[in-house]
A.B. asks: 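Quick one: the structure is below, questions incoming.
Throughout, a chain's letter reflects where its sequence line sits, starting with A, and its residues are numbered from 1.
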Amino acid sequence: MIDFEDAPSGGGGRARGIFQGHRYQFVEEVEWQVAPPTEARAEITLNTPEDELPGYLQNLNLPQKEAALETHGPVMVLAGAGSGKTRMLTARIAYLIDCLKISPYRILAVTFTNKAAMEMRQRIGKALQHSVAYPDVGTFHSIAVKILRRESQHLPFTQPFVIYDDSDQLSLIRSVLNKLGLDTKKTSPKAVQAFVNRMKCDGVEPHEFQPADFDRSEKQMKEIYGVYQKALVDSNALDFGEILCITYRLFRDQEAVRKRYQSLYQFIHVDEYQDTNRIQYLLLSMLTSRKWGGHENLCVVGDEDQSIYKWRGADIGNILDFENEYPGAKVIKLEQNYRSSQTIIRAASDVIAHNTERKRKTLWTENPEGDPIQRIHVVDERMEAQWVIAEIQRLGREQGYSLNDMAILYRTHAQSRQFEDYLRREKLPYQMIGGVRFYDRKEIKDILAYLKVLINPSDSVSLARIINVPARGIGKTTLEKLEELTHSKEPDAPTTLWGALKTSLDQNTWNARVHNKLSDFLTKIERMRSRMTTELVSDVYHELLEATGYVSELKKEGTVEAESRIENLEELDNLIKEFEDELLRGKTEDECLTLKPQLLGIFLERTSLVSSTDDAMEGSTLKMMTLHGCKGLEFPIVFMVGLEEGLFPSTRPWEEVDEEEMEEERRLCYVGMTRAEQRLYMTHANSRRVWGQFQIHEPSRFLSEIPKELVHQIRLIPQQARSPMAPSSGFSLSGSSGKHPWIGQEIRHPQYGIGSIHQVTGSEGDERVVVRFKSGLEKKFLARFLMGE
DNA sequence: CTGTTCTAGATTTTT
DNA sequence: TCTAGAACAG
């Protein structure tokens, strides 16, 4: 039953739980010799009677068992949705360790997200009961970073390097454009970023790129890319793409290193293989391909029907080419679905059958036929949310479903708003997966930037971010002058902002006022830096908040936002403590001593690599997420919302429809539909507000691709939306007589209560008003909004 | 140098 | 509609 008493969880990316069960190894526990080839196959075969099998191999179907036992040589498993591929992978790894006596350290499993890695680790642990050692399980990025830390002597980067996320990357690109004297209006930083990342997905370095002969912009891009790469090295920072590229180059160019990792990771597994990109493919072939002296013990698991990251460089070619790269590869299909009803499987299969570029694979199930697909036609997005929430309550009340049996899936995060509103109103606890990452919040990024500067003063992006945060009188012009110093071509000119800061202070180039401010800042940072080596991160963290006055600034503000920012900083404090606890627990004093200076680096690395979908799922809450975020999950009941042309499939009206993109949208639809076990709802609205404007939408083409006999259609008429139980839309005016606001007019707001208009600005029809509420609170609103359309 | 207002761009999806 | 960067005034 739904617990109606629970308070709403507030949604948003909570960071809790991210670090649970995530154990990095620092003390090297691996000997670097080549293990003897494992000839000693255990006597388990496909014919072994079920009751003689170890538990983890029982109850697998034939192809699953085949895939699990085919441990040597290249294997590609084409696993349909819900066909038990994680089960198979777990069984396979357990079998390697338990029966074939392969050391867990010789096994690598690559997953798409950190959350998936955590789950797999848990499942392997369960299968092996009491095993102490775990195989390496992680994302491409986390594994690559680990390797880079270990092999830093071969890299242009020095040890405590930092990782730049997308927005850091964008800042660096801006500063590069600036340095090159390019106008950001003509060369958009975003376009440069897209270009750079595209290059990196394919593993193309600046000098390798061949611009088309007469294409000036490509030539310019190439140049910017080169300068950007240099700036990365100067900042001692890696962006996401670079993490993989540089690891690839390390393996390609350093044979000894490559050999070592080939023998370290003798059995490699890759989940969600359909979403790997070129550089990940190259990385894998470095470790496994015969061409590079690899062992070919590679097992990839994927489903081209679920490939939904083409826009990020995922290359379906990786699936199609597998058999060429690894001749003699065994291809195994898992086609039996254990998750969904017949109806859902048939509907989803019919939809995906409209794609032309796919390998034939037929999903089937022994599950009962189940309910028809519920197609709900509503008037607008408010009604959609209202109806879905009411239905969720009904299912809880009448059929005993609990909230975590259900999920709402949408195409874009922006669609979550309506649902949040109604969920809050109805006091149903919910959790949004994805959205704004905890670590992307401004205050968290600020403080992390400080921490990054502490371990790596070369990090100019972070330094520029915090040099005047909170405001300490170091303004734009000063910063610009500092940056200019780094652009100088003199032989011993500083290359980093930090260097520029130091030399300029040494050479007394500033007037007294600026000089003092800068040197104050410098000494503060230096002092904290010196404490870093001996003290815990949590202690430095406190001094940081103290010395910079960050929290006291926030306290001064006294707004609700500031309050929640302070709370977030406290949450960060908890996370740091939790992290230190986890790493230092059970360690000897000596070990702690060596560990301490590394703590901050590891902490920052983790914060950069967790994604917004890595949030732990909490107990009985309704889950909402994008269709991309639902990959790998399943729910008894699924609501897919906003099935409208333009929104889903998402198209840009001014651009021609790209057939390939349309097929990706369709795969996304397939992924969403196959999340449902028992019941699937699909809603579409007649019209909805997009960017504040009403748009009329046709029902999504995907709806018509489902056979009619599988669908139960419901059309909700407008009157229902205005029924007494429907909360009115936000505001109501008491005693309003006209369409225009006047000063002194009384306003009732559902959240803030009663107030009166204090000020009116803006032109007729687009007035903005300031309302002063009884509580003394002053808020600004759009009058149009306030007058109820 | 700071705080405010103005404008443009974004909403497709993320390691 | 909202946000973040840019431009402007104090």
Side-chain angles (χ1 to χ4, degrees), chain A residues 13 110-117 138-145 163-167 169-171 174 183-185 188-191 197 200-201 238-244 272 275-277 279-280 307-314 409-417 433-437 439-440 442 468-480 513-514 517 605-606 608-614 625-631 642 646-652 655 661 664-665 667-669 671-672 688-695 761-762 766 768 780-782 784-785:
Chain A
V110 186
T111 57
F112 194 68
T113 62
N114 292 298
K115 193 173 80 192
T139 61
F140 275 103
H141 293 265
S142 71
I143 286 160
V145 167
I163 295 165
Y164 279 174
D165 67 16
D166 273 1
S167 63
Q169 183 185 36
L170 204 57
S171 306
R174 271 202 201 96
D183 185 358
T184 50
K185 279 190 188 117
S188 114
K190 282 258 165 88
N197 288 339
K200 292 192 174 191
C201 278
L238 294 162
D239 61 38
F240 285 134
E242 195 59 25
I243 291 173
L244 301 183
E272 308 286 6
D275 285 325
T276 53
N277 60 28
I279 188 70
Q280 291 167 335
S307 162
I308 51 176
Y309 285 95
K310 193 151 184 277
W311 52 273
R312 205 173 86 190
L409 309 180
Y410 35 75
R411 179 66 237 266
T412 71
H413 282 301
Q415 288 167 261
S416 69
R417 268 276 259 285
I433 314 290
V436 185
R437 269 186 358 147
Y439 294 110
D440 282 339
K442 187 180 171 301
N468 197 32
V469 174
R472 54 170 72 86
I474 303 173
K476 215 170 62 184
T477 19
T478 313
L479 188 58
E480 261 165 24
R513 224 177 55 133
V514 177
K517 304 214 148 133
E605 170 191 316
R606 284 197 198 181
S608 333
L609 293 178
V610 291
S611 78
S612 52
T613 50
D614 284 339
M625 65 201 89
T626 63
L627 285 155
H628 283 86
C630 77
K631 185 155 91 165
L647 184 64
F648 184 38
S650 159
T651 49
R652 281 153 300 209
E655 265 176 48
E661 281 174 26
E664 176 136 324
E665 294 287 312
R667 290 194 291 269
L668 200 51
C669 183
V671 168
R688 77 171 61 226
R689 228 168 220 233
V690 184
W691 297 314
Q693 296 213 22
F694 277 106
Q695 282 184 10
T761 53
D766 187 31
R768 277 135 215 260
K780 214 170 190 181
F781 301 106
L782 270 179
R784 169 157 44 93
F785 198 58

A.B. asks: By nearest heavy atom, map A/Ala471 and A/Glu665 onto DNA chain B; which one lands nearer the 5' end?
C.D. replies: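 The 5'-side residue here is A/Ala471.
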A.B. asks: At less than 4.0 Å, is any side-chain N or O atom of A/Asn468 found next to OP1 or OP2 of B/dT2? Yes or no.
C.D. replies: yes
A.B. asks: Is A/His413 near enough to B/dT14 that one of its side-chain N or O atoms lies under 4.0 angstrom from OP1 or OP2?
C.D. replies: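 It does, given that an N or O in the side chain of A/His413 lies less than 4.0 Å from OP1 or OP2 of B/dT14.
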A.B. asks: Counting the atoms with a prime plus P, OP1 and OP2 as sugar-phosphate, which does A/Phe140 contact under 4.0 Å by heavy atoms, base, sugar-phosphate, or nothing?
C.D. replies: nothing
A.B. asks: Nearest whole Å is fine: how far is B/dT15 P from A/Lys200 NZ?
C.D. replies: 18 Å
A.B. asks: Can you identify which nucleotide, out of B/dT15, B/dT14, B/dT2, has its nearest atom closest to the A/His628 side chain?
C.D. replies: B/dT14
A.B. asks: Strictly distance-based, threshold 3.5 Å: is any side-chain N or O of A/Arg667 a donor or acceptor partner for the main-chain N or O of A/Ser307?
C.D. replies: yes
A.B. asks: Counting only side-chain heavy atoms from C-beta out, which of B/dT13, B/dT11, B/dC1 sits nearest to A/Ala414?
C.D. replies: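 Output: B/dT11.
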A.B. asks: Closer than 3.5 angstrom, by distance alone: can the side chain of A/Glu605 be matched with the main-chain N or O of A/Ile163 as a donor-acceptor pair?
C.D. replies: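 Looks like no, no N/O pair under 3.5 Å.
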A.B. asks: With stacking defined as ring centroids separated by under 5.5 Å and planes differing by under 30°, is A/Trp311 stacked against B/dT13?
C.D. replies: yes
A.B. asks: Could you state the atom-to-atom distance from CD of A/Glu480 to P of C/dA6 in whole Å?
C.D. replies: 10 Å
A.B. asks: Tell me which nucleotide among B/dT15, B/dC1, C/dG5 gets nearest to the side chain of A/Arg312.
C.D. replies: B/dT15
A.B. asks: From C/dG5, B/dT15, B/dC1, pick the nucleotide closest to the side chain of A/Arg174?
C.D. replies: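 For the A/Arg174 side chain, the nearest candidate turns out to be C/dG5.
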A.B. asks: Quick one: list whatever passes salt bridge (Lys or Arg N to Asp or Glu O under 4.0 Å) with A/Lys442, sequence neighbours left out.
C.D. replies: A/Asp446
A.B. asks: Once you round it to whole Å, what is the distance between C1' of B/dT15 and CD of A/Glu242?
C.D. replies: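 Taking atom C1' of B/dT15 as the reference, CD of A/Glu242 is at 15 Å.
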A.B. asks: According to the interplanar angle, ranging from 0 to 90°, do the rings of A/Tyr410 and A/His413 count as parallel (below 30°), tilted (30 to 60°) or perpendicular (above 60°)?
C.D. replies: perpendicular
A.B. asks: Rounding to a whole Å, what distance do you find between A/Asn277:CG and B/dT13:P?
C.D. replies: 20 Å
A.B. asks: Side chain of A/Thr113, heavy atoms from C-beta onward: which of B/dT15, B/dT2, B/dT14 has the nearest atom to it?
C.D. replies: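 Nearest nucleotide to the side chain: B/dT15.
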A.B. asks: Do any N or O atoms from the side chain of A/Asn114 and from the backbone of A/Gly138 form a donor-acceptor pair under 3.5 angstrom?
C.D. replies: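 Absent.
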A.B. asks: Closest to the A/Arg411 side chain: B/dT15, B/dC1, B/dT13?
C.D. replies: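 Nucleotide nearest to A/Arg411's side chain: B/dT13.
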A.B. asks: Could you state the CG-P distance from A/Leu668 to B/dT14, rounded to the nearest angstrom?
C.D. replies: 10 Å
A.B. asks: Which residues pass the side chain to side chain donor-acceptor pair (under 3.5 Å) test with A/Gln169, not counting sequence neighbours?
C.D. replies: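 Residues passing side chain to side chain donor-acceptor pair (under 3.5 Å) with A/Gln169: A/Gln193, A/Asn197, A/Tyr228, A/Asp239.
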A.B. asks: Just how far, in rounded Å, is C1' of B/dA10 from CG of A/Leu647?
C.D. replies: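 Taking atom C1' of B/dA10 as the reference, CG of A/Leu647 is at 15 Å.
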A.B. asks: Picking from C/dT1, B/dC1, B/dT2, which would you name as closest to the side chain of A/Arg689?
C.D. replies: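 The answer is C/dT1.
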A.B. asks: Between B/dC1 atom C1' and A/Arg472 atom CZ, what is the distance in whole Å?
C.D. replies: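 Distance, rounded to whole Å: 14 Å.
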A.B. asks: Using the P atom as the point on both nucleotides, what is the distance between C/dA4 and B/dT13, in whole Å?
C.D. replies: 15 Å
A.B. asks: Counting side-chain heavy atoms from CB outward, which of B/dT14, B/dT12, B/dC1 is closest to A/Thr626?
C.D. replies: B/dT14
A.B. asks: Side chain of A/Thr412, heavy atoms from C-beta onward: which of B/dC1, B/dT13, B/dT15 has the nearest atom to it?
C.D. replies: B/dT13
A.B. asks: In whole angstrom, give the distance that lies between atom CG of A/Asp166 and atom P of C/dT3.
C.D. replies: 19 Å
A.B. asks: Between A/Arg417 and A/Lys476, which has a closest nucleotide on DNA chain C that is more 5'?
C.D. replies: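 It is A/Arg417 whose nearest nucleotide is closer to the 5' end.
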A.B. asks: Can a side chain N or O of A/Ser608 be found less than 4.0 Å away from OP1 or OP2 on B/dT15?
C.D. replies: no
A.B. asks: Under 4.0 Å: is that the gap between some side-chain N or O of A/Ser650 and OP1 or OP2 of B/dT11?
C.D. replies: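 No, A/Ser650 has no side-chain N/O under 4.0 Å of OP1/OP2 on B/dT11.
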A.B. asks: Counting heavy atoms from C-beta on, name the nucleotide in B/dC1, B/dT2, B/dT15 closest to the side chain of A/Phe240.
C.D. replies: B/dT15
A.B. asks: Is there side-chain contact between A/Val110 and A/Gln280, with at least one heavy-atom pair below 4.5 Å?
C.D. replies: no
